[in-house]
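Chain A is the first sequence line, chain B the second, and so forth, proteins listed ahead of strands; every chain is numbered from 1. Atoms considered below: every heavy atom in the structure, side chains included; atoms not considered: hydrogens, waters and symmetry mates.
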Protein chains: 2
Amino acid sequence: MGSHFESCERLLEPLRKLLGIRQLALQRAQHGNELSTSGTGLLSELVHGGESRASELAHNRVVDTSVVSRQLGQLEQEGLIERRPDPTDRRVSLLRATERGRAALEERERQKARWLSEVVLSEWDESRLTELDGLLRALSDDLLTASRQLLTNPEDAAKEGNR
Amino acid sequence: MGSHFESCERLLEPLRKLLGIRQLALQRAQHGNELSTSGTGLLSELVHGGESRASELAHNRVVDTSVVSRQLGQLEQEGLIERRPDPTDRRVSLLRATERGRAALEERERQKARWLSEVVLSEWDESRLTELDGLLRALSDDLLTASRQLLTNPEDAAKEGNR
DNA sequence: TATTCCTTTGGTTGGTACAACCAACCATAA
DNA sequence: TTATGGTTGGTTGTACCAACCAAAGGAATA
């Protein structure tokens, strides 16, 4: 019963609170600009990660390909991304953000960063922010990889949890 | 253009990743026990926070009262919570977890904490976990209060963002 | 003082939107 | 022929808003 477990137990509460915040609530508040709420994450991935195929995006976000497919369709209609056929495999399309997409994302990120900086985290000093950043990156990475793993081989439940 | 803003800008990425993880993905994976996925947060609030009225719960979670209302209905049907009329105001019901509810929540939390401890955060040492815990609590608090504020008086957009 | 409005507030219910899943399906690769 | 990338159909869960009811809390009047 190491206290590592207990520390994780304590973590549940803030974690639940944090994950419970649907992006929606925040994004809906930051209304006003184009850019359909949902696809933002995808668009961001494309802008920062460069040209990708749909399946990559789905894998990164740990979400069904069908979800990505529809979101991409919407983004494309809005002219925020464009596709071109992959020359080496005609089943796949390569996706990238358009200039408009890039601009829209930048605008939204600026807005959000300002809200964070001026309202949410105004009391936080530099060093604390840096610390948070580091831990958050590590956490989200570990959480995402663990989720992926869970999703692909769910024999994890054989841990005793089911019996 | 203080670097406080820039730090917040950097934070956007891990934050988006983290918040993008719908609780669903995690909870669905941890299947097997009773306890409908959705109400877990509510139930937790009741167990840890004691008897409350519905509006309090909605406020805490920053969610519409109608949502809470339905989730409570479900939890009640499953016998995980119970209501009693507030003696001082017959419009409101006071809610609390039943013994079964308490047990179900505990079971689920144990499961999740184990997953965290053994899979997600197995590489993290004590001190890092403690740090994370502190920062996460502070962050979720600040984020929640800021969201509440945004929700109630949306004249925040008068920041220039809309013009 | 007691009674009758009017407004506010806590909660529920109906309708709708959206994001996610799974399953079925095409087209292209191997 | 089988496997894979992607799309589409159908379903579910969660959220919002608007409309509503019942109870409270004043304010105005008898």
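To the nearest 0.5 Å, atom CD of residue A:Q74 and atom CD1 of residue A:I81 are 10.5 Å apart. Here the NZ-SG distance, from A:K112 to B:C8, works out to 13.0 Å after rounding to the nearest 0.5 Å.
In this entry the distance linking CZ of B:R84 with P of C:dG11 reads 14 Å, nearest Å. We find that CG of B:L151 is positioned 13 Å from P of D:dA15, with the value rounded to whole Å. D:dT7 atom C1' lies 15 Å from atom CG of A:L57, rounded to whole Å. At whole-Å resolution of the value, CG in A:L95 and P in D:dG6 are 8 Å apart. Whole-Å rounding puts the B:H59 NE2 to C:dG11 C1' distance at 17 Å. To the nearest angstrom, P of C:dT9 lies 16 Å from CD of B:E56. Rounded to an integer number of Å, the gap from B:L150 CG to D:dC16 C1' is 16 Å. Atoms CG (A:D86) and C1' (D:dG5) sit 11 Å apart, rounded to a whole Å.
Contact annotation: A:R83 reaches the phosphate of D:dT7 (side-chain N/O to OP1 or OP2, under 4.0 Å).
Under the 4.0 Å criterion applied to side-chain N and carboxylate O atoms, A:R137 and A:D133 are assigned as salt-bridge partners. Taking a cutoff of 4.0 Å between a charged side-chain nitrogen and a carboxylate oxygen, A:R110 and A:E107 qualify as a salt bridge.
Scanning residues 63-72 of chain B for heavy-atom distances under 4.0 Å to DNA chain C yields B:T65, B:S66, B:S69, B:R70.
More than 12 heavy atoms of other residues, nucleotides or ligands shown are found within 6.0 angstrom of CD on A:E51.
The base of C:dT28 does not come close enough to the side chain of A:R90 for any donor and acceptor atom to sit less than 3.5 Å apart.
Between B:N60 and A:K17 the shortest side-chain heavy-atom distance does not fall below 4.5 Å.
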For a side-chain hydrogen bond (donor to acceptor under 3.5 Å, both in side chains) check, start with the C-alpha distance between A:R84 and A:S93, then their side-chain angles and the critical distance, and finish with the verdict. CA-CA 5 Å; A:R84 74 186 173 93; A:S93 305; over 6 Å; no
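The side chain of B:R53 sits closest to C:dG11 out of C:dG11, D:dA23, D:dG6.
Taking the nucleotide of DNA chain C with the nearest heavy atom to each of B:D89 and A:G39, the more 5' of the two is matched to B:D89.
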